[in-house]
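Just below is one structure, and these are the notes that go with it.
We count residues from 1, following the sequence as given. Computed over heavy atoms, backbone and side chain alike; hydrogens, waters and symmetry mates excluded.
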Amino acid sequence: MTCRSSPSCLPSFHRSQPLASLFALLAVATISPPRSLAFQLTRGSRRILASSLPSPHSSTAFQRTPGNSRCHLSSITAQSSALKMTATSPSASCAAAAASTLASSNPLLQSWSSQPFNLPPFAEITPAHFKPAFDVAMENHLADLQKIVDDESEPTFDNVVAPYDRAGPQLGKVGSVFGNLCSSKNTDELQKVQSEMSPILSKHNSAAMFLPGLFGKINAVYEKRHDSGLNSEQIRLVERIHLDFTRSGAAFDEATQKEYAELKAELAGLTTQFQQNVMKDEETYEMVLKKEDMSGCPDGLVEAARQAAIDRNKADGEYVITLSRSLVEPFLTFSDRRDLREQAWRAWTRRGELDDDRDNLSIATKILKLRKKQAEYHGCKTFAEYQCLDRMAKTPENVMQLLENVWERAKKAADREREALEEFVKESGETLDGGIQAWDWRFYATKVKAAKYDMDETLLKPYLSLDAVTKAFFAVSGNLFGLTYEKRDDVELYHEDVNLYEVKNKDGKLVSLFIHDNFARPFKASGAWMSEYRSQTRNLPADADKIEEVPIVSNNNNFAKGSPTLLSFDDATTLFHEGGHGHHGMLSDASYSRLSSTSVLTDFVELPSQLMEHWFEEPEVLKKFCRHYETGEEIPEELLAKLKAAKDFNQGFETIEYTSCALLDMAMHSLDNYDDFDISKFEQTELDRLGMPQGIVMRHRPGH
């Protein structure tokens, strides 16, 4: 998954910056608690084996389905032993009967051929379906792998690596739906399933990696990869899969493998709990206001706050600011009530710490200790060292060299910006207790921008309706890649606000399905990200429907819904950014699942999104598509000129916001001892050492 944190975009690191190339190494540096193992499944069952760690993004939960316990194969031990059952044994008959019953009643296990494009049957799926579906799919996945092991012929690419890459298609289907819904519609019921399944999925991952005889065959192919007549793509696949195995502990002895599997399962459970705590804080927190409390806020924000109140069944005349970035950040920017800005800011920056029962700081400390132990299994002194081995940067030192270089330059810029804010406050005759604070910066930066550049960003929003920006994105996609988008209103998805498009090339061939999920809502993770329900591959089972080669790509945003929905320039840039990740998936042309789409090194994955987002800034795009939502008027040249002139203002602030996250993450994960570790104290000490500019706080603190 891209962009968010995520399953890949980094957490909201999707800004258009003069330092855009920094994203590549930020992807290396930002290794704070991720979502869960569920999102490894969005790349198919092959992808679940790609890493021993949960990768950035969500998780899950549900109610155990009652049934005959003798037939219930839910544990990894039962899965492994089931492979040895004979067809005539009572246990095998029992398991077969149970599987047959499940397949006939569980939509996740049935054929989806009756669905348009073999899409998941969203309307039929409930949280209770996932656990029994996973039980069957994991067992079938292990059976596919066992067939590779049982083949007595000499190990080759065709009888080991290729079948490994396509093993477990059922697990891939179940996992992709599960992982996506855990970010897009993670209800309380699904969270229960998520909590239960995370360690189970982790143990399945380990069971697959440690299946006796499998790594030996993978290693045999790896050792002779350059002498087997393989093409460059096949050699790359062999090398990536071999590395996946070694980084997952396949070369460990049996006792160590068992310890390592337990460690990863514990990590999976903790990262799931961490993410659920953040989502619960975002879901439950609300600052209820009256109309007069919205003083200074533009009409669009007032309307969005009122809609949030309606969605939460508040009384007439009440308005709600939630911790959704699309509400809280504009409130911090425009509200002239300093006391309310502080209140909103303190809640926003303490996500994961708002309730004593959801203490993410203690969870993060446990994760750090376990990651350190994980690194030690691989002969590394720190988790940062272990994580960077499979990155373009290669070492933490290379990461830090770039970050610290940027940091010192950004501090100087931020200091100049703060001086400009302070001068504005002084000239306006205001007195701020304590000077410019973090809840003041956005508010006064907007004032300074208006005074210095005559730039009022609220004047842009009428030209940036969601419909207009979406059309602009589709047009740029068409001009660059020859793609067209046909909306399908007749296909039911998981929420009424989510749109589906057929994406075709210039010859009219279907190349992808594109799901656009744009609005913030309860049970949806914050931020923006790209994910997939089906990844592109040509390595399918012989009896597979050809439609399975066509990817299903999802772009997810969190815009405040309005009538119409009007975006900030930053929101519009985010839509294009995620669209860049979307193209990475839609235009994938790989033979094998493990190499397709965004399955690239993490410090490369942001490149396509960075390139795409800059197209939105092009005057030709803005003038042609960004028209006033009421009058159809073209965006004025004067406004574009002001936008360009003010573009670099406040970049010091924004660079400090996200670079500080990366620096702290690297510092935390570079420790070789966590005895008596106090994460809050460490955060403050490290930021003091770095010289964190006054009035700026990390965009993502350790609790979220």
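- Taking Gln257 as the reference, Phe210, Phe252 meet the side chain to side chain contact (heavy atoms under 4.5 Å, CB included) condition, with sequence neighbours excluded.
- Annotation: the span from Phe514 atom CZ to Met530 atom CE amounts to 9.5 Å, rounded to 0.5 Å.
- Here the side chain of His378 pairs a donor or acceptor atom with the backbone of Arg247 at under 3.5 angstrom.
- The closest side-chain donor-acceptor pair between Ser554 and Asn180, if any, does not fall under 3.5 angstrom.
- Taking both residues in full, the closest heavy atoms of Ser206 and Lys264 are given as OG-CE, 3.3 Å, listed atom of the first, atom of the second, then distance.
- In this view, Asp150 and Gln146 satisfy the side chain to side chain contact (heavy atoms under 4.5 Å, CB included) rule, not counting sequence neighbours.
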Stepwise side-chain contact (heavy atoms from CB on, under 4.5 Å) test for Asn398 and Met392: CA-CA 10 Å; Asn398 288 339; Met392 293 193 301; over 6 Å; no
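- Atom CG of Leu270 sits about 5.5 Å away from atom CD1 of Ile367, to the nearest 0.5 Å.
- Judged purely by atom type and a 3.5 angstrom limit, Ser660 uses its side chain to pair as donor or acceptor with the backbone of Glu657.
- Remark: Lys381 NZ is loosely packed, at most 12 non-hydrogen atoms of other residues, nucleotides or ligands lying under 6.0 Å away.
- Annotation: the span from Asn405 atom CG to Leu402 atom CG amounts to 7.0 Å, rounded to 0.5 Å.
- Among Arg351, Arg358, Lys524, the one residue that satisfies the salt bridge (Lys or Arg N to Asp or Glu O under 4.0 Å) test with Glu282 is Arg351.
- Looking only at distances, no side-chain donor or acceptor of Asn140 sits under 3.5 Å from a matching main-chain atom of Leu171.
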Begin from the C-alpha positions of Asn360 and His704 and carry the test side-chain contact (heavy atoms from CB on, under 4.5 Å) through to its verdict. CA-CA 7 Å; Asn360 269 2; His704 56 267; 5.6 Å; no
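- The backbone N or O of Gly352 lies less than 3.5 Å from no partner atom in the side chain of Asn277, so there is not a single donor-acceptor pair.
- Every residue two or more places apart in sequence or in another chain that forms a side chain to side chain contact (heavy atoms under 4.5 Å, CB included) with Asp359 is listed here: Leu361, Ser362.
- His242 and Phe215 have their aromatic ring centers within a separation under 6.0 angstrom.
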Step-by-step side-chain contact (heavy atoms from CB on, under 4.5 Å) determination, Leu237 to Ser591: CA-CA 10 Å; Leu237 179 63; Ser591 300; over 6 Å; no
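- Note that the CE atom of Met138 and the NZ atom of Lys203 stand 11.0 Å from one another [nearest 0.5 Å].
- Closest of all the heavy-atom pairs between Asp165 and Ser593 is OD2-N, 3.0 Å.
- Residues satisfying the salt bridge (Lys or Arg N to Asp or Glu O under 4.0 Å) criterion with Arg225, sequence neighbours excluded, are Glu239.
- Judged by distance alone, the side chain of His583 and the main-chain N or O of Gly579 form a donor-acceptor pair under 3.5 Å.
- Every residue meeting the salt bridge (Lys or Arg N to Asp or Glu O under 4.0 Å) condition with Glu549, not counting sequence neighbours, appears here in chain and number order: Lys546.
- Taking CZ from Arg594 and CD1 from Ile241, the interatomic distance works out to 7.5 Å, rounded to the nearest 0.5 Å.
- Applying side-chain contact (heavy atoms from CB on, under 4.5 Å) to Asp672 and the options Lys372, Glu376, Glu385 leaves one that passes, Lys372.
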Evaluate the criterion ring pair (Phe, Tyr, Trp, His ring centres under 6.0 Å) for residue pair Phe245 and Tyr222; output intermediate values, then yes/no. CA-CA 11 Å; Phe245 270 79; Tyr222 173 80; over 10 Å; no
Any chance you could lay out the salt bridge (charged side-chain N to carboxylate O under 4.0 Å, His left out) test for Glu548 and Arg166, step after step, and finish with the verdict? CA-CA 12 Å; Glu548 296 292 331; Arg166 63 174 175 265; over 6 Å; no
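- Side chain of Ser176 to backbone of Gly172: a donor-acceptor contact under 3.5 angstrom is found.
- Every residue meeting the side chain to side chain contact (heavy atoms under 4.5 Å, CB included) condition with Pro155, not counting sequence neighbours, appears here in chain and number order: Val160, Lys217, Ala220, Val221.
- Scanning both residues, Val174 and Leu108, for their nearest heavy atoms gives CG2-O, 3.9 Å.
- If you take CD on Gln275 and CE on Met279, they are separated by 6.5 Å, rounding to the nearest 0.5 Å.
- In this structure, the side chain of Glu683 does not engage the main chain of Arg701 through any donor-acceptor pair within 3.5 Å.
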Let me see the working for Lys131 and Asp135 under salt bridge (charged side-chain N to carboxylate O under 4.0 Å, His left out), right down to the final yes or no. CA-CA 6 Å; Lys131 176 60 167 61; Asp135 286 343; 3.0 Å; yes
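- Within 6.0 Å of NZ on Lys258 lie no more than 12 heavy atoms contributed by other residues, nucleotides or ligands.
- Counted by atom type alone, Ser609 and Glu606 present one or more donor-acceptor pairs between their side chains at under 3.5 Å.
- Taking all atoms of both residues into account, the shortest heavy-atom contact from Glu578 to Asn556 is CG-O, 4.4 Å.
- With Asn231 contributing its side chain and Gln234 its backbone, the two residues share a donor-acceptor pair below 3.5 Å.
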Take Arg689 and Glu686 through the salt bridge (charged side-chain N to carboxylate O under 4.0 Å, His left out) test and state the conclusion after the steps. CA-CA 5 Å; Arg689 184 191 70 80; Glu686 183 63 16; 2.6 Å; yes
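- Of the possible donor and acceptor atoms, none in the side chain of Asn539 sits under 3.5 Å from a partner among the backbone N and O of Tyr592.
- The minimum heavy-atom distance between Thr382 and Ser670, with the atom names listed, is CG2-O, 3.2 Å.
- Salt bridge Glu266/Lys373: absent, no basic N to carboxylate O contact under 4.0 Å.
- Taking the six-membered ring for Trp and thresholds of 30 and 60 degrees, Phe682 and Phe677 have ring planes inclined between 30 and 60 degrees apart.
- A donor and an acceptor atom, one from each side chain of Tyr260 and Gln374, are located under 3.5 Å apart.
- You'll find the side chain of Leu368 reaches within 4.5 Å of the side chain of Ile679, heavy atoms only.
- In this structure, Asp603 does not pair ionically with Lys394, as no charged nitrogen and carboxylate oxygen lie closer than 4.0 Å.
- Nearest heavy atom pair, residue Ser588 against residue Ser597, reads OG-N, 2.9 Å.
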side-chain contact (heavy atoms from CB on, under 4.5 Å) assessment of Val238 paired with His226: CA-CA 10 Å; Val238 172; His226 294 300; over 6 Å; no
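- In this structure, Tyr386 and Phe383 have tilted ring planes: the angle between them lies in the 30° to 60° band.
- You'll find the side chain of Ile235 stays beyond 4.5 Å of the side chain of Phe157, heavy atoms only.
- Looking only at atom types and distance, the side chain of Thr156 has no donor-acceptor partner in the side chain of Asp158 under 3.5 Å away.
- At least one side-chain heavy atom of Asp144 sits less than 4.5 Å from a side-chain heavy atom of Pro169.
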